[in-house]
Amino acid sequence: MNYPIWELTTIGGGSLIALIAVLHVYISHLAVGGGLFLWLTDWKGYRENNTDIHAYVKKHTWFFLLLTMVFGGMTGVGIWFIIALVNPAATSSLIHNFVFGWAIEWVFFVGEITALLVYFYYFDKLGRKLRLNVAFLYFLFAWLSLVIINGILTFMLTPGNWLETGNFWDGFFNPTYFPSLIFRTFVTIMIAGLFGYVTTVFLKPSDFRSTIMRYCSKWLLYPLIGLIPAGLWYYWSLPENVRTTNFMLNPQTVPFIQILIITTILIFAFGIFLSLKGNRQVQIIATFVLLIIGLFWMAGFEYSREIARKPYIINEYMYSTSILKTDLEKVNRQGVLKYARWAAVKEVTDANVNEAGREIFNLECLSCHTIDGIRNDILPLTKNITYLGMISQLTGQGKVRTYMPPFAGTARELEALAAYIVGTLQGKDLIMHPEPVETGKTESMPSAFDPKADRYVLLAWNDLGMHCISDSDPWFVLMPPANTLEAQLIRRGEVPELVSDGVELTYRIESGFENPAKHVPFWEFSEQNFGTVLEENTGLFGKGMKGSLTFDEERGGYIASAIPVVPYNDDGSFNPYPLFSLEARDAETGALLVSTQVVAPASTEIGCRNCHEGGWRMNGVAGLSNETAVNILEAHDRLSRTDLLLQANTGQPQQCQACHSDPVMSAEGDSLRLNMSAAMHGWHANYMPVSGAEACVLCHPAYAEGCTRCMRGIHAEIGVTCVDCHGEMNDHALALLKGENGKSSAARLMAALEPDHVETKEEIIPREPWLNEPDCLTCHVDFGPPEQVDAFNVWSENFAELYRNRYDNSGIRCPACHGPTHAEYPAINPMDKTRDVLQPVQYTGQPYPIGANMRCEVCHIITMEDPVHHENMYRMFRNKADLD
Amino acid sequence: MDPVNLIPTPDTIPAPAWLFLVLDLVTFLLHIMVINVVLGGSLLMLFARFGKKDMRASGNIFGVLINKIPTSVALGVNLGVAPLLFLQVIYGHLFYSSSILMGVYWILVIPLLIIAYYSAYVHAKNEKLARIAILITSLLLMYIGFMQVNNLSLMTQPEKWAAYFENRGGTILNVDDPTFIPRYLHFLTASVAIAGLFTALVWSIRTRKNPDAGKNNIANGLRIFGYATVVQVVVGLWFLMAIPSDFILQFMGGNLLFSVVLLVGFLSGIGAIVTAFLGKLRPTVMQLIITMITMIITRQNLRTLYLEEKFQLESLQLAPQYGVLILFLVIFVFGLWSVWYMVKGAITVKEGRAA
């Protein structure tokens, strides 16, 4: 921010730091442990009066000097050079806080170099006492320099109380200082042994050689006993959020931990091998292989330690992007371009979006990502998302996957960055909203009804106003084709009767929709996804595209469940509102009592592709394409460490509910995972870049210019939107997540969400999906006109209490007269105006709820006076004016 | 773009700025003395090698440098750590900026220094490869000096930093500055001069024990110093004339302190040339030390002039850490004692006395 940014788009500054630092740390640990090794071995030589040992020590010292003083020393300066080039802000912070620490370390370096030069160049001349003292001083100074640098290094990961006090000692003696010092001291001893092999292995075969080989093995292996508990102590000294973020959530850490574990085992094995008598050539090769393994061990450890700090460069103080945590609010307000000194543009304008995007990328992404380079190449990472998807990613960045910093800047800057990545780097169009499409046009005619002659009224409805389907069965199933048809048959009279036997109720889907198997691959994969082999065109409960409804005592009506309706007509058109025709016939005589029609709403306009790329599967208007499905599984695999894509590619897809419990699918799932709705809404709420109903329609088929437009009831007509009943996306997600209280992922997803419809998260009442829903009577107190339009946070108690399952005072189900949710009478279907009000028009000639405007004679034949069905029903329909 | 806007905001300092300045200048003086020996010594060796002299012959003037060059690199780099550290405290915000602008060249210093260092050992150990090795060492050390001059001069000229907006790849240099060549030459010739003087010093210690060893070497070393310093004075005048004219006036009387220091250094330098050609080692060394001290102070004064409007040390905010400072001083004394103990021990045994 403060400094210019070196545009290392291919190598990445981090890679350079890693290269120089890992090499340096490997050799510098040798410098410390090797000092101990030289001192103790030289002493051993004196004690045993063994000139062979002294000759060996002198030879080893020359090798040691060449390696540690030249390569080790220079790469140490190299770290200073490179960190100031790649992250000058953090380097400046460290320098200005710890300069005297470094000055002290420098004194130790002076002592170290003097000691080593004196020790080597005067090796033969110094007597025993002086020589051993000089060797000891060398080791002492070397170890003391570790004592110092360890403070500064561990400070970066766990600054401890320094965050409040700014005190040097608080920062230096921080929570991981001692675990790290002890851990590293063991490491220095091991590496001393490891490099001891290098000079020993070239000696001519002899007893002496074998003795020293075994001696080096002891140096290599014994410290492991201390290293492992020290390592565990180090790990458990890290703050919990650091452990969660980087050892659980961050996928980058995994390979380095694996390298660390594997190389530890290999080092142990090689150490044992080299301590045994063996062929000299083989041992030489093994030694050099071990050197490389040691380097990888070092890399694995240092990398894990560095990654553990993400998203910070100095934990809880400065992000990797050099933005101070305390400045975040300021940067979001005034913009990151103004905050940075070296940005070529200070503000995003229409003319400079691309240039601004590039500057912002440099400021906020280049510290960790490359462009078409090595390490964290941004291109493959952003290949499978749209412009809207990129904006969503930036919106949610750092909220759940806390190893990345949150985006810092204004909304306009966020869009400019997204435009740069998606438009310039990926070469895609910048599409913000789904493209408008026309819905199809249909015609429908209500069935016949003679109010004077007909004895029966048949009321039928689909249980849901819209049944959403994911037609991506080869990959996964979120919702299968499964419309549930319900009906109540009323024998007309002064006291009407609900008929429960003696009749046969049948249904038949509209012509052109009888063969759903032709349009969706559901049946090809039903065994994998649902564990049952289904006959084609038959639903999960055995119902086909035509059949009968059975009477259900509990539900007080007739029902046919899970009819596999799909919105694809055989003529190639998309129609999410095919009609069921129903007939009620006398069971004995077969005489037709009454017939009616009802919409079987089913849509595949599932909006994943709006962010996850891939286009539509069918006709350019609906359907989950293969590309989108693959992108979803890839994301899921990466984020949740699953292998769903592999499974699908080998012909074994699953329904999401195999793991995520879901009442609507009667799925128990896996008790550790969030239920389906909590997972979906909880995750995506963190990334949602828009608010209000605009958020809902990014996924659900209610986009005002889409092919379905399922919000079509009276509420939609008068301007009530999703969020008035269900709350904003945040509220909706919080209520679901609170319902999963106790699961760690619920807490993680809730952390960054704030409610809208209530003041605090505590006020939100937990709910289970599909069972606890907003209730009509929250607004329509006593069935009257609404007192206010906010039904959030008051839930139906259970399944039986849902609007679609409730009764009036006489046993009639609410949807029978009022229509299904989201398509309440008078509903206006986008394809033709009559389609969603066929029954009201059939029986009453008007589109309103059955019996509205005091048209009691529909069932009662005569007019009535008492509002028996429910309070406040005895009046004229209120919103007539809005419908013309 | 107003260059002042590009200057990053400095962080707070844990002790007064003058303390870091003094530490910086003192340790830099030590560093540059050793580096002069390393670079100058390498150049002299290069010259001698290509003259096909037998370096190992006991009287050969440059023979004494062979083993000293690698060890001097170690000391020189170590003594460079300290001024680098203290510079970063008071000038870091400027130094990092200029470093980043030339990032590629700057980071290459590290691998090239490693090669130069190993090459110096090859030169000392392997006669067959010695010529090519010392050539490599010399060239690479010259590269490093070249980049140091670039960086430290660019650091004081924020008005040139806007070049970043045309080149973000880290390959911006400052060679077209009128002072660049004289600055660089001033450093190169100093190296040859100091190396010559150092050679004379080493021979003077040797001849104390063995008066017949390398009879003329002291005088020849002094002569190298003398001739190089003559060139140095000329280059110095060129340097003076190349700086912006109002700065020249400051050094010619405008700023009394600046002018006196420069004058003392100049006169001391002339004096050193005279005593060198007269073959008098001790006075030459004393005057040379005075010259070096005054020149380093002058370099700092020039830096202040360049940064006049853009940054003053007084503006740095203090957030004191006196406790750690005292600890550093205590440890520094302990460190000095340890070094003295070890070096004394080494010299004692070298001179054949009992350990």
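Reminder, nothing fancy here: chain letters follow the sequence lines and each chain counts from 1.
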Within a strict 4.5 Å, meaning less than it, do heavy atoms of the B:Phe334 and A:Val107 side chains meet?
-> no

What distance do B:Thr71 atom OG1 and A:Met69 atom CE have between them, rounded to the nearest 0.5 Å?
-> 7.5 Å

Kindly indicate whether the side chain of A:Asn362, heavy atoms from C-beta on, has any atom under 4.5 Å from the side chain of B:Arg168.
-> yes

Test item: B:Val77 and A:Met74 side chains (from C-beta on) under 4.5 Å apart, heavy atoms = yes

Interchain contact, B:Val89 with chain A, by part (heavy-atom threshold 4.5 Å) | both

Turns out that what part of B:Thr171 lies under 4.5 Å from chain A's heavy atoms comes down to neither

So do B:Tyr96 and A:Ile95 actually touch side chain to side chain, heavy atoms under 4.5 Å?
-> yes

Point-to-point distance, once rounded to the nearest 0.5 Å, from CG of A:Leu126 to OG1 of B:Thr348 = 9.5 Å

Considering only heavy atoms from C-beta outward, does the side chain of B:Asp11 approach that of A:Asn97 to under 4.5 Å?
-> no

Got a second to check how far B:Tyr164's OH is from A:Trp342's CH2, nearest 0.5 Å?
-> 7.5 Å

Are A:Val118 and B:Tyr341 side-chain neighbours, meaning at least one heavy-atom pair lies under 4.5 Å?
-> no

Ignoring hydrogens and geometry, is there a side-chain-to-backbone donor-acceptor pair from A:Tyr121 to B:Ala346 under 3.5 Å?
-> no

Examine distances only and state if a side-chain atom of A:Trp106 and a backbone atom of B:Val81 form a donor-acceptor pair shorter than 3.5 Å.
-> no

Do B:Phe20 and A:Phe100 have ring centroids that are under 6.0 Å from one another?
-> yes

In terms of heavy-atom pairs under 4.5 Å, which option from B:Gly169, B:Ala319, B:Gly323, B:Gly335 contacts chain A the most?
-> B:Gly169

Chain A contact via B:Ile7 - which portion, at a heavy-atom distance below 4.5 Å = backbone

Okay, B:Phe95 and chain A: the region with an atom under 4.5 Å from a heavy atom over there is neither

For the atom pair OG1 (B:Thr9) and CZ (A:Arg341), what is the distance rounded to the nearest 0.5 Å?
-> 3.5 Å

Report yes if the side chains of B:Ile347 and A:Tyr122 come closer than 4.5 Å at any heavy-atom pair, otherwise no.
-> no

From the list B:Leu84, B:Ile100, B:Leu329, B:Val330, the residue making the most non-hydrogen contacts under 4.5 Å with chain A is B:Ile100

Is there side-chain contact between B:Phe86 and A:Trp102, with at least one heavy-atom pair below 4.5 Å?
-> no

Distance in Å, B:Met342 CE paired with A:Tyr119 OH, rounded so as to fall on 0.5 Å steps = 13.5 Å

Among the listed options B:Ser99, B:Ser97, B:Gly92, the residue most often paired with chain A at heavy-atom distances under 4.5 Å = B:Ser97

